[in-house]
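Every heavy atom of this structure was used, including side-chain atoms; hydrogens, water molecules and symmetry mates were not. In this chain, residues are counted from 1 in sequence order. These numbers were taken from a predicted model, which means no experiment stands behind them.
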Amino acid sequence: MKFDNIIIGGGLSGLTCGIKLAEQGKKCAIVSSGQSAIHFFSGSFDLLGKVNGEEVANPLESMKTLSETHPYKRVGLDKIERLTNDALHLLVRAGLNFTGQADRNHFTLTPMGIMKPTWLTLSDFTCFDHKDSFPWKKAVILNFSGFLDFHTLFIKDGLKKFDVHAQIKNVSMKQFEAIRRNPSEMRSTNIAKEFDKENAIDEFAKKANVLSDGFDVVILPAVFGLFNKTIADKLKEKIEKPVLLLPAIPPSVPGIRTQITLRERFQELGGTYLLGDNVEGGVFENGRLLEIRTINHGDIKFEADQFILASGSFYSKGIVATHDKLYEPIFGLDIDGDSNREKWFDEKIFNDQAFMHYGVKTDQNFRALMNGEPVENLYVAGSVLGGANPLKEGSGAGISLLTSLHAAEQILK
């Protein structure tokens with residue numbers, strides 16, 4: 001099978017790159033092993049939240065202080081602002097509605113009751129301009145009876161510092177009795193499926209209106225709109241008080257919906273999405289990757305003019321660590337990381353861990369290195385790149401989006 005471009009990895013990075021290329025008329029395929037980090041999506045995409053432990057107000061300005069090895073610096077700060085605009089427009093064209101701007105972080109309330117700086121937030125969620133104030137003084141936190149993935153006590157405790165009086169109440173509904181009998185089934189996605197049928201909205205809204213009497217705001221878990229994108233808005237219309245949605249423990253309903261939406265956009269543009277498949281190797285000749293083979297397709301070879309590796313970091317096994325080595329498992333590409341295992345991590349778990357900065361080595365054009373030499377037609381994008389600690393910085397989504405767009409631009413030149 002022959003394509004113009006083949007992307008290895010079907011998460012945020014791979015989908016962004018695939019959509020960008022497909023919009024330019026390229027025949028593209030994405031090989032996706034399945035679940036990606038977007039299933040942990042909190043409802044917001046971070047660009048840059050912290051530098052050296054200090055919160056960032058203007059991500060674009062603060063990028064100037066990053067190390068020269070950081071992906072943003074390697075893309076080029078002269079290009080970053082344009083790419084942030086391109087990323088937002090790409091998401092909007094796909095059917096996703098976000099609020100935010102690259103030169104000023106806003107804040108969202110986390111499931112721990114803490115205000116977190118971020119870049120783009122889905123319209124389902126509430127954005128705040130300031131981290132030290134909360135616009136309501138009396139909040140009711142509603143949860144579904146038996147739903148253990150929404151930690152209401154953390155939220156209540158977090159709101160105390162804003163001098164908010166918060167009360168926790170549980171809601172029981174007949175629609176959830178079947179899944180409630182088994183705690184492993186009482187998950188956010190299964191609750192969302194019941195609301196998608198639109199047979200639970202009216203009853204829940206009536207209960208919420210009764211339970212919220214005397215309160216200023218209703219806080220709910222973000223379990224609305226898995227496949228039906230209008231459910232969250234309909235619910236907010238029916239509840240008489242302002243509604244504040246907060247993420248629950250993954251799987252994330254807005255995350256899965258976001259991935260489905262992006263995948264549908266890619267396929268509408270003519271892209272081929274190979275779900276549940278893994279690339280197990282490739283054929284190289286004269287510094288070029290000629291073809292790849294996947295587990296599910298056996299002897300069928302996939303050829304392309306250009307390839308993009310967007311396989312993720314340790315979580316999605318884009319990089320693998322054993323007791324004595326780090327390696328990139330598909331092609332054996334060069335890794336930018338210390339060979340001494342003792343230097344991979346700090347025993348103090350909350351310190352900046354060295355391994356978080358490791359990734360596949362590339363040249364200045366983001367082409368992968370193999371045995372010290374660039375592979376002419378194999379580009380690298382997303383968290384499989386090294387040079388940053390997305391967890392500490394709050395930069396993971398930004399790196400995925402912007403390096404993917406940058407890689408696509410290198411291919412389209």
Run the salt-bridge test on [X] and [Y] with the 4.0 Å N-O cut-off and return the result as yes or no.
{"X": "Asp86", "Y": "Arg93", "answer": "no"}
{"X": "Glu194", "Y": "Lys197", "answer": "yes"}
{"X": "Glu409", "Y": "Lys79", "answer": "no"}
{"X": "Asp196", "Y": "Lys193", "answer": "no"}
{"X": "Arg265", "Y": "Glu23", "answer": "yes"}
{"X": "Glu376", "Y": "Arg288", "answer": "yes"}
{"X": "Lys161", "Y": "Asp132", "answer": "no"}
{"X": "Glu68", "Y": "Lys73", "answer": "yes"}
{"X": "Lys116", "Y": "Asp46", "answer": "yes"}

Using modelled atom types and a 3.5 Å cut-off, is there a donor and acceptor pairing between side-chain atoms of [X] and backbone atoms of [Y]?
{"X": "Glu291", "Y": "Arg293", "value": "no"}
{"X": "Ser311", "Y": "Gly9", "value": "no"}
{"X": "Asn190", "Y": "Glu185", "value": "yes"}
{"X": "Lys169", "Y": "Ser212", "value": "no"}
{"X": "Ser252", "Y": "Ile38", "value": "no"}
{"X": "Asn377", "Y": "Leu289", "value": "yes"}
{"X": "Lys236", "Y": "Asp124", "value": "yes"}

Atom pair [atom1]/[atom2] of [X] and [Y] - distance to nearest 0.5 Å:
{"X": "Thr189", "Y": "Leu226", "atom1": "OG1", "atom2": "CG", "result": "6.5 Å"}
{"X": "His406", "Y": "Thr16", "atom1": "NE2", "atom2": "OG1", "result": "15.0 Å"}
{"X": "Cys17", "Y": "Leu12", "atom1": "SG", "atom2": "CG", "result": "11.5 Å"}
{"X": "Asn97", "Y": "Leu88", "atom1": "CG", "atom2": "CG", "result": "10.0 Å"}

Give the ring-plane orientation class for [X] versus [Y], where under 30° counts as parallel, over 60° as perpendicular and anything between as tilted.
{"X": "Phe224", "Y": "Phe204", "answer": "tilted"}
{"X": "Phe147", "Y": "Phe150", "answer": "parallel"}
{"X": "Phe3", "Y": "Phe302", "answer": "parallel"}
{"X": "Phe176", "Y": "Phe195", "answer": "tilted"}

Side chains of [X] and [Y]: do they bring a donor and an acceptor to under 3.5 Å?
{"X": "Ser32", "Y": "Arg263", "answer": "no"}
{"X": "His106", "Y": "Thr121", "answer": "yes"}
{"X": "Ser44", "Y": "Ser42", "answer": "no"}
{"X": "Asp277", "Y": "Thr294", "answer": "yes"}

*For Gln101 and Asp103, run side-chain hydrogen bond (donor to acceptor under 3.5 Å, both in side chains): C-alpha distance rounded to whole Å, both residues' side-chain angles, the deciding distance at 0.1 Å, then the answer.*
CA-CA 6 Å; Gln101 53 196 71; Asp103 61 355; 3.0 Å; yes

Any non-hydrogen side-chain atom of [X] less than 4.5 Å from a side-chain atom of [Y]?
{"X": "Val223", "Y": "Phe144", "result": "yes"}
{"X": "Glu55", "Y": "Lys50", "result": "yes"}
{"X": "Arg104", "Y": "Asp129", "result": "yes"}

_Under the criterion ring-ring contact (aromatic ring centres under 6.0 Å, His included), I'd like the reasoning laid out for Phe331 against Phe284: C-alpha separation, chi angles, the key distance, then a yes or no._
CA-CA 10 Å; Phe331 304 118; Phe284 294 84; 5.6 Å; yes

_Which residue is it: Thr69, Asn365, Thr362? I am looking for the one with a side-chain hydrogen bond (donor to acceptor under 3.5 Å, both in side chains) to Arg74._
Thr362

*Quickly, which of Ser404, Ser383, Ser400 forms a side-chain hydrogen bond (donor to acceptor under 3.5 Å, both in side chains) with Ser13? Name it, please.*
Ser404

*Applying side chain to side chain contact (heavy atoms under 4.5 Å, CB included) between Leu48 and each of Pro390, Pro117, Pro59, report the one that passes.*
Pro59

*For Phe128, does the CZ atom sit with more than 12 other heavy atoms under 6.0 Å from it, leaving out its own atoms?*
yes

